[in-house]
There are 4 protein chains.
Amino acid sequence: MSGAQERPLRADAARNRARLLDVATEVFTTRGLGVPTEEIARTAGVGVGTLFRHFPTKEALLEAVMVRRLETIKAGLVGIAATAPPDEAFFGCFRLVVEQSMGKNEFTRALTAVGVDVHEALRESSAAIQTQLTEVLAGAQRAGAVRPDLGPPELIALLVGTGATMEQLAGDPAARERIFEVVFDGLRPR
Amino acid sequence: MSGAQERPLRADAARNRARLLDVATEVFTTRGLGVPTEEIARTAGVGVGTLFRHFPTKEALLEAVMVRRLETIKAGLVGIAATAPPDEAFFGCFRLVVEQSMGKNEFTRALTAVGVDVHEALRESSAAIQTQLTEVLAGAQRAGAVRPDLGPPELIALLVGTGATMEQLAGDPAARERIFEVVFDGLRPR
Amino acid sequence: MSGAQERPLRADAARNRARLLDVATEVFTTRGLGVPTEEIARTAGVGVGTLFRHFPTKEALLEAVMVRRLETIKAGLVGIAATAPPDEAFFGCFRLVVEQSMGKNEFTRALTAVGVDVHEALRESSAAIQTQLTEVLAGAQRAGAVRPDLGPPELIALLVGTGATMEQLAGDPAARERIFEVVFDGLRPR
Amino acid sequence: MSGAQERPLRADAARNRARLLDVATEVFTTRGLGVPTEEIARTAGVGVGTLFRHFPTKEALLEAVMVRRLETIKAGLVGIAATAPPDEAFFGCFRLVVEQSMGKNEFTRALTAVGVDVHEALRESSAAIQTQLTEVLAGAQRAGAVRPDLGPPELIALLVGTGATMEQLAGDPAARERIFEVVFDGLRPR
DNA sequence: CATGAATGAGTATTCATTCAT
DNA sequence: GATGAATGAATACTCATTCAT
């Protein structure tokens, strides 16, 4: 289904690629997009050249990081949506997205890009996620578990915003739980 | 309270300073912190040298911008808190902060800094705001208008997060209103 | 007559600009376009930043160098054409162009650009030169001093080529003189 | 005459080598020396490793390309010199060299290297060519077909320069023919 | 032998900040 | 005080060359 047939990639090359992605995810998340490519490469234990061989552009690296994130989220959403009843499914999905999206928000906000001028690779993952969310939202609304006047745009905005909220409470899980209560309460039909 | 006696500043110098602050606010808000100092200076109609005379560092400029914002917010909060009944006061303040904090979030998030390692100048404004918010929150809780299990940290986090949410809905005022309903609903004791 | 009104430029700035042009002319001519910008700046006694302030691009620097060269040539051509009889004018112009065009030919060949996709700034100078050459050629042909079957394209090609020839004989002025004889002889109607 | 005994080279290795030479000739000629080795390898259908096995250096590849060119020219010269009368031989050789030397001149100019600091491999071919040219020149001069005051250096310079001239007239064969007339006329004793 | 992944020095360009005019 | 020219550290990206597979 995916376009270009990707050749298997030598074992060590794959390891390098993975390490680069891990490092990039880490630094982009915690320190923002300003981190020098060279540092990312060094931290991953490779030369800059290697980084640029795998990701021809810093932007491409960022994109790859995001795609991986989105794919993880997508898989999670699909799992939840498949097994849980509408009500639970909706709130479970909301939690999942928020928890997976925490981190330096300059980066997180990429989710925003949904629907905007995202690069091709991202578009697919984004679209899939949006579809999932739209479905669970509709399901929950049909089941009377969520206010009927909210559309997907509000949902996505709320996901992003709640992620930002959580970021502020990074050190206090109990407080985060209270925030979930607040938001979930607010989402239910009054 | 501040150390050095601040000399009155010549009329044109004051005008320049103000123009710089206006321009900086505008560009930081809409285009983020990456905008070159030179461009800010040019847009304000002065040379870079002048910019650096008024604000010895780009960071200092940012700080000044934020202080002004915070002062505005503070004034607003004080006004509301003084005149409205607890319930109304709380939600009014919430609205005010969120609406004043919208804009490029990389920047807005400076509000976050509240309580962290902010620079001296900010600390004062921040503290005042935090005090105000703490008070209206307590008042509203005493009046039974807000869940009693929320503390100032959660409130602040929620303010930041709701700001982020609103940013996503920049073009749709009606949707933003619905978000306020959701959050306010969630904040009330169930 | 020239487009943008160029402000006078501070004395030292003008000096730097001139030095940069001189250095660039020198190195481009003797060592080709591969010379690092940083080296050019250092040789001119300024920082890279200064170089890029005056010439926003390496290409822009090259262009400026060429424009200056072409302007010099143009002035020379005009002088000769105005005072000498057709025969002498033509051969004098030929000499002038060849002598001014010597140097690393990768660079010289810019003259070639005449008529191609040159940048705006060059186009003007190039066009003026081409016009001059076309005129002296026609004059000389009318006067029976040059074969009538040659057009401006052949003349220009021959100028470039003769420049290349001379480059090979950099150390031997007498040999160069003989080459002029050969070419001039060949240009006369048999 | 050459030191190391050259092993016959496996059939496919030989094919690769040849393909690399062909591709390199093509790209160096049409696009200059800046073309990345990797692209050359890819175009030839081999990996970079293979390229560097055959030619330990990019420069070595360039050298090999030139040697082949020079060998071709040499063979041509020998053929002409052996069969034609002095007059014809000289002008035929001139034509041959010029026509074979056309192409991106940054590259062509390698011919220049004749007599300079060329690498060993080139020196041999260059020397042979120079010898041939010296001979046909002397022959033609003895036969009164060429000005007696020209030596091999002028001849070589003229060959290079005429090549450059021709490059400018790449699209116009008739013009090129006129250039030959001009140069040949000039070469004859007045 | 062939492959292509890895390397890292090298290069153009940007931008906060300083300082002579 | 104001100006804008000068500075140079920093950064993304390229490419010849090496070496593990």
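Below, read A as the first sequence line, B as the second, and so on, with proteins coming before strands; counting in each chain starts at 1.
Listed for the C:K58 side chain is a donor-acceptor partner under 3.5 Å among the backbone atoms of C:L33. D:T50 contributes no side-chain N or O that, together with a main-chain N or O of D:V46, makes up a donor-acceptor pair within less than 3.5 Å.
The side-chain heavy atoms of C:T29 and C:R69, taken from C-beta on, include a pair separated by under 4.5 Å. A heavy-atom distance below 4.5 Å is not found between the side chains of C:L61 and C:F52. Side-chain contact between C:F28 and C:I40 is present, with at least one heavy-atom pair separated by less than 4.5 Å.
For the pair D:E39 and D:R31, the salt-bridge criterion is met [side-chain N within less than 4.0 Å of a carboxylate O]. A salt bridge links D:R68 with D:D22: the distance from a Lys NZ or Arg NE/NH1/NH2 to an Asp or Glu carboxylate oxygen falls below 4.0 Å.
B:L20 has its CG atom 14 Å from the C1' atom of F:dG1, to the nearest Å. To the nearest angstrom, P of F:dA16 lies 10 Å from CG of D:L51. What separates CZ of D:R19 from P of E:dT3 is a distance of 10 Å, to the nearest Å. Rounded to an integer number of Å, the gap from C:L61 CG to E:dT11 P is 16 Å. Here F:dA2 presents its P atom at 12 Å from CZ of B:R17, a figure rounded to the nearest Å. Atoms CZ (B:F55) and P (F:dG1) sit 13 Å apart, rounded to a whole Å. Atom pair C:L33:CG and E:dA12:C1' shows a separation of 14 Å (rounding to whole Å applied).
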- Message: Walk me through whether B:L21 and B:V65 qualify under side-chain contact (heavy atoms from CB on, under 4.5 Å).
- Response: CA-CA 6 Å; B:L21 269 180; B:V65 168; 3.7 Å; yes
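Comparing atom distances between the C:F52 side chain and each of F:dA5, E:dC1, E:dT14 picks out E:dT14 as nearest. Comparing F:dC13, E:dA16, E:dA2 by their closest approach to the side chain of D:H54 singles out E:dA2. When distances run from any side-chain atom of C:T57 to the nucleotides E:dT13, E:dA6, F:dT11, the shortest one goes to E:dT13. Picking from E:dA2, F:dC15, F:dA12 the nucleotide with the shortest atom distance to the side chain of D:R53 gives E:dA2. Listed nucleotides F:dT11, E:dA16, E:dA6 differ in distance to B:T37; the shortest reach to its side chain belongs to E:dA16. Taking the side chain of D:V48 as heavy atoms from C-beta on, and the options F:dA16, E:dG4, E:dA12, the nearest nucleotide is E:dG4. With distances taken from any side-chain atom of B:P36 to the nucleotides E:dA12, F:dT3, E:dC15, the minimum falls on E:dC15.
For the pair D:G49 and B:V46, both in contact range of DNA chain F, the more 5′-proximal nearest nucleotide belongs to B:V46. Taking the nucleotide of DNA chain E with the nearest heavy atom to each of B:V35 and D:E38, the more 5' of the two is matched to D:E38. Annotation: of the two residues near DNA chain E, C:K58 and D:G45, the 5′-most nearest-nucleotide partner is D:G45.
The side chain of A:N16 places an N or O atom within less than 4.0 Å of a non-bridging phosphate oxygen (OP1 or OP2) of E:dA6. Between A:T50 and E:dA5 there is no side-chain polar atom (N or O) within less than 4.0 angstrom of OP1 or OP2.
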- Query: In dot-bracket notation, what is the pairing pattern of DNA chain F, taking Watson-Crick (N1-N3 plus N6-O4 or O6-N4) and G-U wobble (N1-O2 and O6-N3) contacts under 3.5 Å, with [ ] crossing and | for other strands?
  - Reply: .||||||||||||||||||||
